[in-house]
Amino acid sequence: SEVLECSAVFLYIEPDNLYTIRDGGRYYVEFVQDLMLVDTTGSILIDAPDLVEFFYESVSPLLDIYAENRINLEGLPPGEYRFIVTLHDLLGGDSVQGEIAITVIPR
């Protein structure tokens, strides 16, 4: 994806198969999401552990779970970059990682 220099990007994350605990008629889901931005040399430019912390407790299960991230790229020079997103299912004990490549282009 191409992004204009000095702009912001929006990342929408919709995790599948998060572990749900049912206890005493209540449902629980909990995850955290880490985010890193790296350049082509592998240098970490943004390191945001626990950027999103999500905890849900209710009498009914949650079916549509998502996280939204708005990342300001102001000051980032034109070039190739990768977002590395890691989601940790705190109740299920699993983690998954994905990458999104972006190209910052001059204004």
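Ring pair F31/F54 is parallel by interplanar angle, where below 30° counts as parallel and above 60° as perpendicular.
No side-chain N or O of E68 forms a donor-acceptor pair with one of Y66 less than 3.5 Å apart. Donor-acceptor pairing under 3.5 Å is lacking for the side chains of E2 and T103.
With rounding to the nearest 0.5 Å, the separation of CZ in R82 from OG1 in T40 is 9.0 Å. If you take OG1 on T41 and CD on E80, they are separated by 13.0 Å, rounding to the nearest 0.5 Å. We find the CD-CD1 distance between E57 and I21 to be 11.0 Å, quoted to the nearest 0.5 Å. Between atom OG of residue S1 and atom OH of residue Y81 there is a gap of 15.0 Å, rounded to the nearest 0.5 Å.
The closest donor-acceptor contact from the side chain of R107 to the backbone of E5 lies under 3.5 Å. A distance-only check finds a donor-acceptor pair linking the side chain of D34 to the backbone of D50 [under 3.5 Å].
L90 and L87 fall into different hydrophobic clusters, where Ile, Leu, Val, Met, Phe, Trp and Tyr are joined by side-chain heavy atoms under 4.5 Å apart, directly or via other members. V96 and I65 fall within the same hydrophobic cluster, defined by Ile, Leu, Val, Met, Phe, Trp and Tyr side-chain heavy atoms under 4.5 Å apart, directly or through other members. Residue Y19 is not grouped with residue Y56 when hydrophobic side chains (ILVMFWY) are merged at heavy-atom distances under 4.5 angstrom, including chains of intermediate members. One hydrophobic cluster, built from ILVMFWY side chains closer than 4.5 Å, cannot hold both L51 and M36; they sit in different ones. Taken together through direct or relayed side-chain contacts under 4.5 Å among Ile, Leu, Val, Met, Phe, Trp and Tyr, L73 and V38 form parts of separate hydrophobic clusters.
For A67 against V52, the heavy-atom pair with the smallest separation is CB-CG1, 4.1 Å. G75 and C6 get closest at one heavy-atom pair: N-SG, 4.4 Å.
Of the residues listed (I84, L76, I44), the one engaging L37 in a side chain to side chain contact (heavy atoms under 4.5 Å, CB included) is L76, and it is the only one.
Other residues, nucleotides and ligands contribute more than 12 heavy atoms inside 6.0 Å of the CZ atom of F55.
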(message) With side chain to side chain contact (heavy atoms under 4.5 Å, CB included) as the criterion, how do Q33 and T86 come out once you've worked through the C-alpha distance, each side chain's angles and the decisive distance to 0.1 Å?
(response) CA-CA 6 Å; Q33 179 222 307; T86 307; over 6 Å; no

(request) Let me see the working for I102 and F83 under side chain to side chain contact (heavy atoms under 4.5 Å, CB included), right down to the final yes or no. (result) CA-CA 8 Å; I102 64 166; F83 283 108; 3.7 Å; yes

(request) Please lay out, stage by stage, how L35 and L11 fare under the test side chain to side chain contact (heavy atoms under 4.5 Å, CB included). (result) CA-CA 10 Å; L35 180 125; L11 300 178; 3.5 Å; yes

(message) With side chain to side chain contact (heavy atoms under 4.5 Å, CB included) as the criterion, how do L62 and Y27 come out once you've worked through the C-alpha distance, each side chain's angles and the decisive distance to 0.1 Å?
(response) CA-CA 8 Å; L62 183 61; Y27 294 86; over 6 Å; no

